[in-house]
Structure formats: C-alpha cells, structure tokens
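Here's the structure we're looking at; comments come further down.
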Amino acid sequence: MTDALWILILALLSAGLVFAFIRLARGPYLPDRVIALDLISILAMGFIVAYAVRFDQPNFLDVAIILAIISFLGTVAFAYYLERRV
Amino acid sequence: MLGEILVMALMLFGAFFMFLAGIGMLRMPDLFLRMSSTAKAGTLGAGLLLLAAAIHFGDFAIATRALAIIVFLMLTAPVAAHMIGRAAYFDGVPLWKGTIRDDLRGHYRASTHALETTAIPEEDRLPDEAELETRKPDLDR
Amino acid sequence: MSLFLLNILLALAWAALTGSFRPVDLFFGFALGYLVLWLVLHKNRPRYFRQIPLLLGLFLYFTADVLRANFRMAVTVLSPRMKLRPAVVAVPLILKSETATILLANMLTLTPGTLSLDVSTDHQTLYVHTVWLDDIEEFRRQVVDGYEKRLKELFEP
C-alpha cells in the first residue's frame with residue numbers, strides 16, 4: 001500500500017518535471033524559459049524532500065535549503081539581466 | 001500509525017499541487033498566467049512536502065529547518081515573480097489575446113523605468129502591442 | 001512592539017519554569033502571558049490587545065483565501081477548456097507603511113489567481129494581474145476590504 005503511494009507521489013513529481021521541461025524547450029520568450037527553470041528547481045527540491053522522508057535521511061534537507069537559495073538568486077539575476085538588456 | 005497516514009496524505013497533496021504547477025506551466029497561454037499558476041502551486045506543494053518531512057522526523061531541530069525553508073520560499077517566491085513580471089513587461093512579452101484590460105499600458109516611462117499613476121506622454125511610452133507583433137519572439141534579438 | 005517582546009519573554013519564562021520547551025508549551029506560555037498582560041495593562045495600552053486578534057483574523061482570512069483559490073485554480077487547469085478572463089487591474093493603495101505594502105503584495109501573489117506586478121513610484125497604486133476578473137469594482141473591493149484595511153489597522157495606528 002505505502003509502496004504504491006510512493007510510486008504515485010514520485011510519478012506526479014516526475015510528470016510535473018516533464019511538463020516544465022517541455023515549456024523550457026518551447027519558450028517562446030526568454031522569461032518563459034526562466035520561470036520554467038525556476039519551477040524545475042522547486043520540483044527538484046520536492047524530489048529531495050520526498051527522498052529524505054522515504055529513506056529516513058534528514059541530512060538531505062540541507063541540500064533543499066541550498067537549492068532554494070541558489071534558485072532564488074538565479075531567478076533574480078536573470079530578471080536583472082532581462083530588464084537591463086532592452 | 002496516525003502520524004504516518006498524515007505524512008503520506010500531506011506528501012500526496014504536495015506532489016499533486018506540484019503536478020498542477022507543471023500542467024499550468026504547460027497549458028497556460030501567456031507568461032503572466034503561467035506565473036500565477038506556478039508561483040503559488042509550486043510554493044504550496046513544496047510547503048506541504050516540507051511540512052510532511054517536519055512531522056515525519058519529529059525532531060525539533062529538523063522541524064525548525066523545514067519551517068525555515070517554508071518561510072524562505074514564501075518570502076522569496078513573490079519577489080522573484082514580481083521581478084520577472086516587471087522585466088518581462090519591459091522586454092516586450094505580450095499579454096494573451098483574451099486579456100480583458102491592461103491598466104499598466106501607458107504608465108511605465110521608457111527612459112527611466114519608473115511607474116507612474118498618471119498617464120505618460122506618448123513619446124516616452126513603451127512600444128505597444130501592434131509594434132510588438134513585428135518583433136521576433138526569441139533569444140536572438 | 002515592546003509588549004510583544006515582553007509577551008515572548010513571558011512565554012520563555014513559562015517554558016523554563018515548567019522545564020519543557022516543546023512548541024505546545026511555548027504556545028501555552030504565550031497565551032498565558034497574553035492573559036496576564038491584558039489583566040494588567042488593557043487600560044493603558046489598548047493598541048497591542050487589538051493587534052493580536054487582528055493578526056489572527058488576517059492569517060485565517062489569508063489561509064481561507066489561499067485554499068479557496070487553489071481549488072479554483074486546480075479546477076481551471078484540469079478542465080479541458082480553461083475558463084480565463086485575465087486582466088491587469090490598478091488597485092488604489094491606501095497603505096502608507098512600506099512593510100505593510102510588501103506584506104500586501106506578497107500575500108496577493110501567494111493567493112492563486114492574483115499576481116502583484118508593481119507599485120507606482122508615488123505609492124498610490126498597486127498593479128495586480130488576475131486570472132478571473134468577474135467584476136472590476138468587486139475585485140478592488142475584495143483587495144481593499146479584505147487585506148488593505150486590516151493591514152492598515154495593524155501597521156498604522
């Protein structure tokens with residue numbers, strides 16, 4: 001029962017990842033790709049948290065913190081670049 | 001046992017909201033609609049997953065860490081959305097055809113990037129929709 | 001503000017005296033400290049005792065709004081023909097304080113369906129992108145009555 005649930009959870013996250021990746025490839029504008037990348041990093045964080053719970057490894061949560069910080073900085077840097085380049 | 005059911009339910013809802021964010025990202029017709037469906041569905045999904053982790057480990061230090069990430073996400077996601085939205089508006093990303101009204105049109109100064117409540121004179125406005133149509137919609141500008 | 005710190009100090013004192021620092025004990029200590037402060041000070045410093053219930057009310061309103069709008073967004077995204085009526089709306093800003101404005105913009109963005117785009121340089125107007133604009137006056141009223149008035153009472157005496 002729990003195994004089936006875990007498969008469902010990971011499958012939902014993977015499907016989200018695939019959709020975000022399609023948007024990353026299709027664009028059509030650069031900001032669209034930036035927000036697709038942002039969503040991908042949040043989904044990666046979701047994966048890490050799910051794995052931390054599944055395999056009882058609380059240390060993985062530190063990775064999630066770093067990923068959240070870095071993805072925010074990356075998005076802000078991209079926004080700066082987009083506004084200046086016009 | 002009850003705790004475990006709660007953890008699984010929270011994880012399932014969190015994963016579901018992240019899945020919805022992915023679908024919204026794919027199906028929504030313009031950048032602003034995509035942002036409004038992902039910025040929070042993603043945040044809510046991540047928040048629910050982290051809450052599940054906090055309950056699952058049941059340790060005070062770990063729970064604090066998980067709550068810290070939730071607060072951090074809730075503070076930074078809107079800031080990132082605001083910055084990307086503003087930059088995209090200057091960059092000339094068009095709104096969807098079905099958009100009913102756009103109160104922002106004609107209120108940004110193109111020279112200083114300032115936003116003003118009163119309407120801006122014609123010569124200092126950003127290029128409007130008709131002009132944007134002729135532009136190439138991709139990286140190589 | 002200093003009363004709030006004093007209240008937290010009372011909560012910590014309660015936890016130290018009972019010797020257990022679980023979150024439940026801290027909450028109970030805070031509630032107990034609040035009661036004591038109210039008994040002693042509610043005549044001299046009435047503002048603080050209005051603020052805590054207001055904060056609680058705002059938090060509950062925000063949570064309910066997030067749940068309701070998330071449900072609506074889920075239905076919209078999953079239905080085969082998405083019903084969208086997007087618009088960028090100028091909402092009058094009655095708040096003066098910067099903190100309150102940031103909180104308002106953040107809360108609006110975290111509510112699915114609305115996205116705060118920018119605040120004008122003269123601090124008069126907030127531009128909000130919404131996914132479902134049913135009626136523009138109704139939308140403005142929801143933002144002003146639901147969020148701005150509460151935030152104004154909380155941050156601007």
Side-chain angles (χ1 to χ4, degrees), chain B residues 13 16-17 19-41 43-45 47 60 63-64 67 73-86 88-89 95-96 98-105 107-109 112-118, chain C residues 21-23 26 62-63 66-67 69-93 102-136 139-140:
Chain B
F13 271 109
F16 181 66
F17 277 115
F19 171 71
L20 282 184
I23 291 195
M25 177 65 87
L26 189 63
R27 289 194 65 200
M28 286 295 191
D30 79 3
L31 175 89
F32 299 94
L33 288 166
R34 276 173 212 142
M35 274 202 302
S36 29
S37 84
T38 59
K40 30 271 157 148
T43 316
L44 184 73
F60 192 63
T64 319
L67 287 180
L73 277 179
M74 283 177 73
L75 284 180
T76 57
V79 176
H82 153 72
M83 290 196 74
I84 290 285
R86 187 182 146 89
Y89 207 90
L95 291 155
W96 180 47
T99 304
I100 297 173
R101 59 184 287 153
D102 180 7
D103 285 350
L104 212 49
R105 178 64 56 208
H107 285 273
Y108 271 125
R109 254 184 211 287
T112 56
H113 284 205
L115 174 63
E116 293 175 16
T117 306
T118 49
Chain C
F21 278 88
R22 289 176 309 162
L26 287 173
F62 173 60
T63 315
V66 165
L67 290 180
N70 249 310
F71 182 72
R72 192 170 175 189
M73 185 60 105
V75 172
T76 305
V77 165
L78 289 177
S79 63
R81 280 184 54 82
M82 291 186 288
K83 281 206 183 67
L84 302 171
R85 284 171 61 82
V88 180
V89 180
V91 177
L93 200 59
I102 292 173
L103 265 179
L104 171 71
N106 267 20
M107 285 199 294
L108 281 181
T109 302
L110 284 174
T111 318
T114 51
L115 181 74
S116 43
L117 285 174
D118 215 337
V119 178
S120 66
T121 23
D122 56 3
H123 219 277
Q124 298 271 318
T125 325
L126 174 72
Y127 289 89
V128 182
H129 181 276
T130 169
V131 178
W132 316 283
L133 184 74
D134 302 319
D135 175 48
I136 184 155
F139 178 77
R140 285 189 176 134

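So that the names make sense, note that chain A is the first sequence line, chain B the second, and so on, each numbered from 1. Everything numeric here is computed off the predicted structure, so don't read it as measured data.
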By a 4.5 Å heavy-atom criterion (distance strictly below it), what part of [X] contacts chain C: side chain, backbone, both, or neither?
{"X": "B/Met74", "value": "both"}
{"X": "B/Tyr89", "value": "neither"}
{"X": "B/Ser37", "value": "both"}
{"X": "B/Leu44", "value": "side chain"}
{"X": "B/Phe32", "value": "both"}

For the student: nearest non-hydrogen atoms of [X] and [Y], plus distance:
{"X": "B/Arg27", "Y": "C/Ser79", "value": "NH1-O, 3.0 Å"}
{"X": "C/Val77", "Y": "B/Leu20", "value": "CG1-O, 4.1 Å"}
{"X": "B/Met28", "Y": "C/Met73", "value": "CE-SD, 4.2 Å"}

What residue in [options] has the most heavy-atom pairs under 4.5 Å with chain B?
{"options": "C/Val128, C/Asp118, C/Thr130", "value": "C/Asp118"}
{"options": "C/Val66, C/Thr125, C/Leu110, C/Leu78", "value": "C/Leu110"}
{"options": "C/Leu133, C/Leu84, C/Thr76", "value": "C/Leu84"}

Item to complete: Dump the intermediate steps for side-chain contact (heavy atoms from CB on, under 4.5 Å) on C/Leu108 and C/Val91, then the final yes or no.
Response: CA-CA 12 Å; C/Leu108 281 181; C/Val91 177; over 6 Å; no
For [X], which atoms come within 4.5 Å of any heavy atom of chain B: side chain, backbone, both, or neither?
{"X": "C/Thr111", "result": "backbone"}
{"X": "C/Val119", "result": "backbone"}
{"X": "C/Ile102", "result": "neither"}
{"X": "C/Thr121", "result": "both"}

Worksheet item: Between atom CG of C/Asn106 and atom OG1 of B/Thr76, what is the distance when rounded to the nearest 0.5 Å?
Response: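 So the gap between those two atoms works out to 9.0 Å.
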Fill in: CE-CG distance between B/Met25 and B/Leu31, expressed to the nearest 0.5 angstrom
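Here the interatomic distance stands at 8.5 Å.
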Worksheet item: Are any side-chain N or O atoms of C/Arg140 and backbone N or O atoms of C/Asp135, one a donor and one an acceptor, separated by less than 3.5 Å?
Response: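 No; judged by distance alone, with no hydrogens or angles, the pair does not exist.
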Fill in: Pairing residues for B/Phe17 by the ring-ring contact (aromatic ring centres under 6.0 Å, His included) criterion, not counting sequence neighbours
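None.
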